[in-house]
Structure formats: C-alpha cells, structure tokens
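Numbers restart at 1 for each chain; the letters A, B, ... are given by sequence-line order, proteins then strands.
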Amino acid sequence: MAVQDILTIPDERLKQVSQPVESFDEQLHWQLQDLEDTRQAGPAAVGIAAPQIGWFQRAVIVDVSGRKKTPSHGYLELINPEILEWDDFKLGREGCLSVPDFTGNVIRAKNIKLRAFDRHGSMLEFDMTGFEARAIQHEIDHLDGILFPDRVVSRRSDLFQRKVYQASTKK
Amino acid sequence: MLTLVGQDHTGIVAAVTRVLSDHDCMLSEASMMRLGGNFSMMMMVGAEASAETLNTLLNSIAHSMGLCVHVDEAAGKPHQHIQPNVEVRVMGADRAGIVSSVTSALADCEVNIVDLESDVIGKQDEPVYIMNILGVSTAPIETLQKRLEEADLKAVDVSVSAVETLIA
C-alpha cells in the first residue's frame, strides 16, 4: 500500500497532457495499486486519474458501484480511455480531490461509448450512462490537463434552461 | 461584510475594490449582480482596518457615484461551504406570496436554504416568477414533495430533486 500525495490547484502540473501507457507491465500494476490506495485513503471519491498523483500517463480508476440506484460496471481500471460516441447532455454538480472546497455545475454527455484497455492490455468497450459516464468524462479531462472549474457553468443562466431539460426528458 | 446597492453603471466594482486594495483588504466570497437596474454587492472582506474606517473611506466615493454602501463587523471566514443536497425549482404566473409559501414549507421540513436565485420573466403583461433554491435537507425528498403539495401553490409548478455531487 502506497498512498500518494494528491496534487491540488494551483499546481501547474495538473494542466499538462498525459501520455499514453505503452507497457502493460508489472510497474503499471504497482502504479494502479498506488492510484487505488490513494483514492481509498481520501474522501469518498468515485474516481481518480493518474496525473492527480503526479503520474502523467493515461490511466484512471472509476467505481460508482457504492451508490444506490446507479447504473455501474463496478470497479474499473481504464488505460488509454477514449470516448467513441456521445449522446444527450445533462447538468450535474461536481467536486474534485485536486480542487478542495469547491463544487460547481458542469454539463457532460449523458451517455457515452467508451473504449479503453485493462491492466493486461486487453481492449474493453462499455456503454455508460449517468453518474458513471460523468465520472469517466471528469477523469479523462484530467488526462488532458482540464479541471472541472474550467467547465463550470453559471447557475443563474441555468435558471431558465431547467424547464427545457425537464420538458424534453419527460417525453 | 460589505453591502452595496445603487444605480448600475460602469466602474462600481473597480472603484470600490480599489479603495479596499489600497488599504490591504483581502476579498473573499462575494455575490454581485444587477437586480432590477440596480447593482448590488455582498462581499466578505478581511481587513486590519475597523469597519468604521472602511465605512468612512467607502462613503467618500459612494456618494459621488450614487451608491449606498455599508460595512459591518461580521463573524465568518473562507472555507465554510456546506454542500446542498436538494434543489427546488419553482415557476408560475407571478403573484404575491409564492416565495413565502414555498419557503415556509421548506422551513417546516427544516431545510437550510444555502442559495436562492429568482427572477421575473415572461411578457410584461403576463409576468412569470421563476426561482431556484439550493438547500440542505435531512428529510427525504418525498417528505419535501408532500409538504409542498400540501402548500397548495395553485398554478405554480414546483419540483424537488436531489443534488448529487460527484467527487472524483
């Protein structure tokens, strides 16, 4: 077990673009273990991305299975994840281990088709929705050096849009 | 806590914050917006100077700009956020008493309102009131829904939903 320090704003390293993983070796497995140990050690986070612990490769962990009534694929280690398709969008509140004491509303795709690799280099594909899809998009942003405050939308402008979302989702 | 209100025009924020900055004040949480043609500010200010000193300094510029500004000693500091877990959306033909009815129902359920935004929209001769409340509730959503239904809000649409914050 090796819990790492979590990089927090305004650390410039959080803005860098992470590189693809090329070797699916034992070192990768150790790094994934550190990543998960760090996620588990902190406040109840449903995901963590490698750059948050200063590992600038494209690896994330997501697990939303602890939430009630939430569609989930369980505990996922995702290497070189890539979103192949998006569909619909939804506003939701997010926070981040790397941005302490701040939450805000972010628009994310509601449904995604995801391609990634597991720790052994086997290709995985998932259709994801809702909270899990949101978590993945939040984590992939980390790999591209984007933090959620970059995407926060004003709630005031949202005041007028809510009803439109509601009407369209009721049909 | 600094509060300011006055006829909206350019340069209000710059002029006020210049005075504060010249006296080494630290600005933290603030809410500033245009409300019905007025500009309003509420801002937490950290200062060595007394509230009385800041009032004197700010009033010297406020009068010339047509602003009413006031500084009070207030407890509080940054990093005191609490996370809302419910959102209440309200929209309906404008009339007196909507806010009172909705918030009384919420108060009965011991909801702590942490943010409330509202506006009057629609056509001038058919105004529509719209309100968005974020709150912290220990009661389940269903309890709030039931209590709001009992409030008999007539032609006003009220919906309650959970605010789920993703931490990742």
Side-chain angles (χ1 to χ4, degrees), chain A residues 6 39 42-49 52 60-64 66-70 90-106 108 130-142 147-148 154-167 169-170, chain B residues 28-36 40 44 76-94 98-99 113-123 127-136 140-142 155-168:
Chain A
I6 290 182
R39 182 180 79 91
V46 295
I48 190 167
Q52 290 181 278
V60 308
I61 291 173
V62 166
D63 184 359
V64 300
R67 295 172 50 82
K68 286 180 209 162
K69 300 180 195 165
T70 304
K90 197 169 189 305
L91 201 75
R93 203 170 182 90
E94 298 185 14
C96 181
L97 300 172
S98 295
V99 187
D101 199 33
F102 179 67
T103 60
N105 281 331
V106 180
R108 302 285 188 188
F131 209 73
E132 188 175 50
R134 173 172 296 275
I136 295 287
Q137 291 167 81
H138 179 113
E139 300 311 345
I140 290 179
D141 268 356
H142 277 298
L147 297 173
F148 85 93
S154 154
R155 210 166 66 84
R156 179 151 278 269
S157 59
D158 173 55
L159 198 62
F160 303 96
Q161 293 170 18
R162 285 294 167 109
K163 276 290 163 185
V164 179
Y165 297 155
Q166 276 209 319
T169 52
K170 270 183 185 167
Chain B
S28 61
E29 290 165 47
S31 167
M32 305 189 194
M33 65 181 65
R34 195 180 143 96
L35 297 174
S40 72
M44 295 296 290
K77 54 188 179 186
H79 306 292
Q80 303 294 304
H81 301 115
I82 49 176
Q83 288 306 318
N85 62 356
V86 290
E87 177 166 22
V88 181
R89 295 186 292 266
V90 176
M91 187 159 80
D94 198 18
I98 298 174
V99 182
I113 294 175
V114 295
D115 194 352
L116 186 157
E117 292 180 343
S118 74
D119 213 334
V120 178
I121 60 170
K123 290 188 281 192
V128 170
Y129 188 77
I130 183 166
M131 176 166 67
N132 191 323
I133 296 173
L134 289 177
V136 179
I141 297 281
E142 295 74 23
V156 176
D157 290 337
V158 182
S159 68
V160 186
S161 55
V163 174
E164 301 180 278
T165 304
L166 177 140
I167 304 293

(message) side-chain contact (heavy atoms from CB on, under 4.5 Å) for A/Val46 and B/Ile167? Distances and angles first, verdict last.
(response) CA-CA 6 Å; A/Val46 295; B/Ile167 304 293; 6.0 Å; no

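- The contact between A/Ala44 and chain B is made entirely by backbone atoms, counting heavy-atom distances below 4.5 Å.
- When the options A/Arg67, A/Arg134, A/Arg93 are evaluated for a side-chain contact (heavy atoms from CB on, under 4.5 Å) with B/Glu164, the one that passes is A/Arg67.
- With chain B as the partner, the residue from A/Asp101, A/Val62, A/Thr103 showing the most heavy-atom pairs under 4.5 Å is A/Asp101.
- A/Glu94 and B/Thr165 form no side-chain donor-acceptor contact under 3.5 Å, judged by distance and modelled atom types alone.
- The minimum heavy-atom distance linking A/His138 with B/Ala168 is given by the pair NE2-O, 3.6 Å.
- Among A/Gly42, A/Pro100, A/Ala45, A/Ala49, the residue with the largest count of heavy-atom pairs under 4.5 Å with chain B is A/Ala45.
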